[in-house]
Amino acid sequence: MKFITIDKKDWAKGIEKSRKTYQLFGPVKDKNGFFIKSLGKDMLPDMDYHDSVMSVKSVLFPQTENILTTTLDEAQEDHHIMKRAVTDYSPRAVLGIRPYDAKAIELVKLNFDTDDYKDPYWCDAYEATTFVGLGLNKPGPFDFSSSTGSGPFNEEGLDVLLADLDDKYLAKVLTDKGEAFIKACGFDLIADDKESQALFDILRKEAEKNIVSKISTDKLKEKTILEIHEAPFWDDIAFSCINCGTCTFVCPTCWCFDIQDETKRKASTRIRNWDTCMSPLFTKHATGHNPRDTKTQRVRQRFMHKLKYFFDKYDQGIMCVGCGRCVKSCPVNIDIREVCNMMNSYEKQE
Amino acid sequence: MDTYINKIRELSLKLLKKKEVVKVIGFTKGTLPMATSPIAISLEQDVEKLIFNSTCGLNLANYIRNHKGKIAVIAKGCDSRNIITHIVENQIPREQLHIIGVPCKGMIDKTKVASLFDDDIIEFSEDNDTLLLKSSSKEERLNKQDYLRENCKLCMHKNPVIYDDLVGDLVDEQTLDTPYPDVEQIENMDADTKWQHFDKLTKNCIRCYACRNACPICYCPTCFVDESGPQWVGKGQDKTDVNTFHFLRAFHCAGRCTDCGACVEACPMDINVRDFTRKLNKDSFELFEWEAGLDLTKRPPLDAYSPNDPNDFIK
Amino acid sequence: MGNLLEHMGIERDRVHFSWISSAEATKFVDVVKEISEKVRALGPNKKLVKDYN
């Protein structure tokens, strides 16, 4: 383990230097908040941000992504043969992401990178990306990441974790990828291991003290799927839901997608778009039948997947990192913290 | 607002007790400051959950379809206009509804309020025209009138248009010499500037369709963007597809939109989609002297033919 | 619809509405001519056109 001290005066220069090797992404302020965006020339990540409206997932998994292309021109030898779309997988680095977002990427990885199936688009992007996290000194009032197996200084999924110490950053280099990035920036002021780790521990504890929002997940595992599925509260939870896709789109762990072919004249592209289980179309069969036809079924599906099915299938905790985005963005304030606690504490009445 | 809340609870309790309605649709307190959530109350003891304040910006007319039995609904001016639209469009019979009217004093622009803070707001309360807000770093006392939503500032129908009960005295309505200043501003731009304006407007749209789903008049069983056989619009993030959605959704609302602002309220990206719909409201007003949801006996102008319809656009 | 398109920045002269009977061949020709001229004057439309590449 290696710790590096970065004077904030050297930060911009180092980041500029890394551009020789990396395409950079980072928090940028837009009209309605911060977004993790590609940092064009002369753009620096705004490291004073608190949280971003959208998560970091789009860096690996864009909302719309060309995956295959072909030509319908029969004069061409390879007509109608789908070929992988050309995508730039040269090294990228995402700067200043929050630890809960990095944890989310590890959860998404369980789905996109398995022994049986590897999603080439996601895996290649993941391979190409270095994740530089920024510890959250003062988590917000709706951050419940410490009760989801993440937390304000969680290292999982990160290559480097930065701690903001006012005039400088202390960088904890966690992987070879992280080391390569720090090197590319030219940051080389090595800090004492023991002292630095102690400092990280203090910061983490201080930050965790700030977390006022918590959920309980301890009993989710022992309950049967049917027990929770048939619980009486789903209709009430779903009543206010308008079935928009906001919660799933802002969620760092929602990974569902839809495949579409778009053709213009002789050029055809296969595209994948984020999909949302909140939409009736998500499950509508070609026959017209829809097994998840009602709002309640769809709302239940989202929470059951995140908090029960995923938990049961992977045994890696729930599929929620506690970022609080869905709670804040939901137009009708459906709160996953409340739903999770209801599910966790539900006892079937005989 | 407290007198409103008490009256809402009192009336709801009475209706449920006498079994005049099977449920009451209103707002309840959310889990975040400045958040309220629609709720259906069917048990007498639950009426305490009902609240009303300046953050009840969604439109409850969106929640009155497909119920069994008679229901009561809390209705601001705009909600009542959309209830009328629902009745006119045969979405619910008048007899199935008990309308608890709320003379509206305007809803607040939550985004504008939140933008005063760098961190999250942890407390919100209001006292008549004063809004009190607190985050972990500061407190603000604001004058509500300065933080009204744009549609509320321009509202000329604050009072419910139809109701069975009222929770307070009717409020004064304003008359405006220029009811559509925002539309005129866009109309005065040249074609390219207009285009850029809308391009920029929808730049962050994630196509979650919250605007459509929060909209009481967007109740089509299958929206044109969700139609898959044939598919009308591309489903990705292509700008043309995104703008086609917004353009056509707005057009489907022509002559039916009450400018309740639920679309903007629901948008997680704070897109003022009213820039699309308001143009059609203005046209309906100028071409047909029509404002949606004011009259139970008239059909929306694009829904009916009249020999007097303006037709000078046909050559 | 024409008004809303114009509001979004699609030039008014690109959208035409006409009522022509199948017996009005001359009117059809005249209208098409007029439309073509107006659209030609505006040049190719780049707005609300999907770029597939």
Side-chain angles (χ1 to χ4, degrees), chain A residues 30-33 35 48-51 53-54 58 62-66 138 140-143 210 212-213 235-236 239-250 258 260 262 269 271-276 278-281 284 286 288 324-335 337-338, chain B residues 23 25 27-40 57-58 62-63 111 114-115 118-123 135-137 200 203-204 206-215 218 221-223 225-229 231 234-238 241 262-263 265-271:
Chain A
D30 204 327
K31 185 177 75 149
N32 61 319
F35 289 81
D48 287 330
Y49 87 121
H50 198 272
D51 49 17
V53 180
M54 300 292 284
S58 60
Q63 184 163 4
T64 294
E65 183 175 18
N66 289 350
K138 278 204 186 103
F142 314 114
D143 181 328
N210 266 308
V212 288
S213 181
D235 275 331
D236 289 337
F239 174 77
S240 64
C241 179
I242 57 172
N243 265 195
C244 68
T246 303
C247 49
T248 55
F249 290 172
V250 298
D258 178 33
Q260 292 264 316
E262 290 192 355
T269 310
I271 297 167
R272 77 161 163 198
N273 297 312
W274 291 353
D275 205 348
T276 168
M278 292 292 104
S279 158
L281 197 60
K284 193 170 174 187
R325 287 190 182 96
C326 59
V327 181
K328 285 193 265 187
S329 294
C330 176
V332 297
N333 188 222
I334 292 175
D335 191 326
R337 297 172 298 174
E338 285 198 321
Chain B
K23 53 188 141 186
I25 295 170
F27 287 100
T28 192
K29 196 172 181 323
T31 61
L32 306 180
M34 294 202 292
T36 46
S37 185
I39 190 173
L58 288 175
N62 198 27
Y63 290 86
T111 314
S115 70
D118 288 329
D119 49 354
D120 287 307
I121 291 166
I122 49 173
E123 260 181 61
S135 81
S136 55
S137 62
K200 210 172 134 200
K203 183 178 59 132
N204 287 343
I206 51 171
R207 296 186 80 173
C208 66
Y209 301 139
C211 49
R212 174 195 72 187
N213 294 12
C215 177
C218 272
T222 306
C223 177
V225 284
D226 288 336
E227 190 60 73
S228 51
Q231 184 173 306
K235 301 178 78 78
Q237 283 298 91
D238 181 275
D241 290 326
C263 48
E265 182 88 18
C267 178
M269 295 294 152
D270 297 333
I271 299 167

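Bear in mind the structure is a predicted one, so any value in this text is a computation, not a measurement. So you know, we letter chains A, B, ... as the sequences are listed, proteins then strands, and number each from 1.
Highest contact tally toward chain A, considering only B:Ile271, B:Thr222, B:Ile206, B:Asp226, is held by B:Ile206 [criterion: heavy-atom pairs under 4.5 Å]. Comparing A:Thr64, A:Asp51, A:Val53 by heavy-atom pairs within less than 4.5 Å of chain B, the highest count is held by A:Thr64. Between chain A and the options B:Ile122, B:Ile39, B:Asp118, B:Thr36, the largest number of non-hydrogen pairs under 4.5 Å is found for B:Ile39. Comparing A:Ile334, A:Val327, A:Thr276 by heavy-atom pairs within less than 4.5 Å of chain B, the highest count is held by A:Val327.
Nearest heavy atom pair, residue A:Lys31 against residue B:Met269, reads NZ-O, 4.1 Å. Closest approach of B:Gly236 to A:Asn273, counting heavy atoms only: CA-OD1, 3.2 Å. Here the shortest heavy-atom pairing between A:Phe142 and B:Ile121 reads CZ-O, 3.6 Å.
Contact of A:Asp236 with chain B is not made at all, since no heavy-atom distance falls under 4.5 Å. Heavy-atom distances place both the backbone and the side chain of B:Leu32 under 4.5 Å from chain A. Heavy atoms closer than 4.5 Å to chain A are found nowhere in B:Thr111, neither backbone nor side chain. Proximity to chain B (any heavy atom under 4.5 Å) is restricted, for A:Glu338, to the side chain, taken from C-beta onward. Heavy atoms of A:Arg272 lying under 4.5 Å from chain B are absent altogether. Only the side chain of A:Phe35 comes within less than 4.5 Å of a heavy atom of chain B; its backbone N, CA, C and O stay farther away. Contacts of A:Ile271 with chain B are absent, with no heavy-atom separation under 4.5 Å from either backbone or side chain. Contacts between A:Met278 and chain B at a heavy-atom distance below 4.5 Å are absent for every atom of the residue. Heavy-atom distances place no part of B:Glu265 under 4.5 Å from chain A, backbone and side chain included.
Using a cutoff of 4.0 Å between basic side-chain nitrogens and carboxylate oxygens, A:Lys138 and B:Asp119 are not scored as salt-bridged. For B:Lys203 and A:Asp30, the salt-bridge test passes: some basic side-chain N is under 4.0 Å from an acidic carboxylate O.
Interatomic distance, B:Arg207 CZ to A:Trp274 CH2, rounded to the nearest 0.5 Å: 13.5 Å. With rounding to the nearest 0.5 Å, the separation of NZ in B:Lys235 from OG in A:Ser279 is 6.5 Å.
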Just distance, no hydrogens or angles: give the donor-acceptor pairs under 3.5 Å from side chains in residues 239-246 of chain A, sequence neighbours left out.
unit_1   : atom_1 : unit_2   : atom_2 : d
A:Ser240 : OG     : B:Ser37  : OG     : 3.3
A:Asn243 : OD1    : A:Arg298 : NE     : 2.6
A:Asn243 : OD1    : A:Arg298 : NH2    : 2.6

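Within the 4.5 Å cutoff, the side chain of B:Asp120 has heavy atoms near those of the A:Lys328 side chain.
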